[in-house]
Amino acid sequence: MRVGIVLNLAVPVLATLLVGDCTAKIAPDFIRPCNTTEPACLIKATRDAIPEFSKGLPELGVPALDPFVIDQLPIQLPGIKVTFHEGKATGLRKCEVRNVEAFLEKNIFNLEVKCNITIKGKYTAVGRLLLFPINGEGDSKIKIINSIIALNIKTKYYKDSEGRDHFGIKSYKYTFDYGERIIYTINNLFKGNPELSNTVLQFLNENWRIVTEEFGQPVVDYALNVTISTAKKFFDAVPIDELLYVPIPKY
Ligand SMILES: *[C@@H]1O[C@H](CO)[C@@H](O)[C@H](O)[C@H]1NC(C)=O
Ligand SMILES: *[C@@H]1O[C@H](CO)[C@@H](O)[C@H](O)[C@H]1NC(C)=O
Ligand SMILES: *[C@@H]1O[C@H](CO)[C@@H](O)[C@H](O)[C@H]1NC(C)=O
């Protein structure tokens, strides 16, 4: 009787341990694989994964996306060179997922999100702005409200050394709609002249759309480059069969 009970308990526990060991799962628990590539499921799975994913997965070598660090980002514009440093971008974890599509046969993956992003850090600016010689240095903050980012990724498949299939990223394109408003807070644009600094800053904010068209592209290129290289690290670490319960085409 006693032995029976012990065995009854022990068998499932052992079985769980054994199975757990054989199929040691790499994907974190917040990844809930879809059984189809229906956008409704992909959207929900992506929405559920973003807040945790953006914190980073150090055990898989995946860095954080929120915040992500901008060590040094030089932007050369006509007549003026702006360099960001010691910067931090925040907000990605709260992006609203608008659409996710995966076409496994065609190797296409599309993602559309709406985000509020804040970039904070130090800057230097040397050159000319409007008619004024500029030599600014100080703190800056850029607040991007309700921007829409549509990513179009060309994927590929490959096998790791254990023969498991992975997604690779072959190339990507994106469109970026700056959204409703961008707010610049930049101090000390003109060293020692706070009045002129404020006047020019006000001008930049009143003309944010034009300013951003020149100036925003390199920032967004950089941010998406970081996002894509982070996604690559994740796909290198986690095989497809832990991300999606849908057979992939022969390749
Ligand atoms: C996929 O199917 C399994 C088994 O039917 C189910 O438990 C799971 O919830 C499904 N996954 C999703 C994301 O719907
Ligand atoms: C962005 O911020 C605005 C204003 O604070 C808010 O109304 C909007 O819902 C936010 N958008 C997202 C995608 O979080
Ligand atoms: C993106 O990163 C790669 C390597 O990390 C680099 O070679 C490339 O120039 C970067 N592109 C942009 C637009 O920053």
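Indexing begins at 1, ligand by ligand and atom by atom, following the structure's order.
- The shortest separation from a heavy atom of P33 to ligand 1 is under 4.0 Å, placing the residue in contact.
- In this structure, the protein non-hydrogen atom closest to atom 7 (O) of ligand 2 is N146 ND2, 4.8 Å.
- Under the side chain to side chain contact (heavy atoms under 4.5 Å, CB included) test applied with Y123, the options I186, L73, I75 reduce to a single match, I186.
- Taking the six-membered ring for Trp and the full ring otherwise, Y157 and Y251 have centroids separated by under 6.0 Å.
- Scanning all protein heavy atoms for the shortest distance to atom 6 (C) of ligand 1 gives N35 ND2, 4.2 Å.
- When only non-hydrogen protein atoms are considered, atom 2 (O) of ligand 2 lies nearest to N116 ND2, 2.4 Å.
- For atom 13 (C) of ligand 2, the nearest protein heavy atom (residue, atom name, distance) is K114 O, 3.4 Å.
- Counting heavy-atom neighbours within 6.0 Å of D29 CG, excluding the residue itself, gives a total of 12 or less.
- At the top of the distance list for atom 4 (C) of ligand 2, counting protein heavy atoms only, stands I145 CG2, 4.5 Å.
- For atom 11 (N) of ligand 1, the nearest protein heavy atom is under 4.0 Å away.
- For Y158, the OH atom counts as densely surrounded, since its 6.0 Å shell holds more than 12 non-hydrogen atoms of other residues, nucleotides or ligands.
- Across every non-hydrogen atom of F53 and L65, the tightest pair is CE2-CD1, 4.0 Å.
- Y184 and T212 form a side-chain donor-acceptor contact under 3.5 Å, judged by distance and modelled atom types alone.
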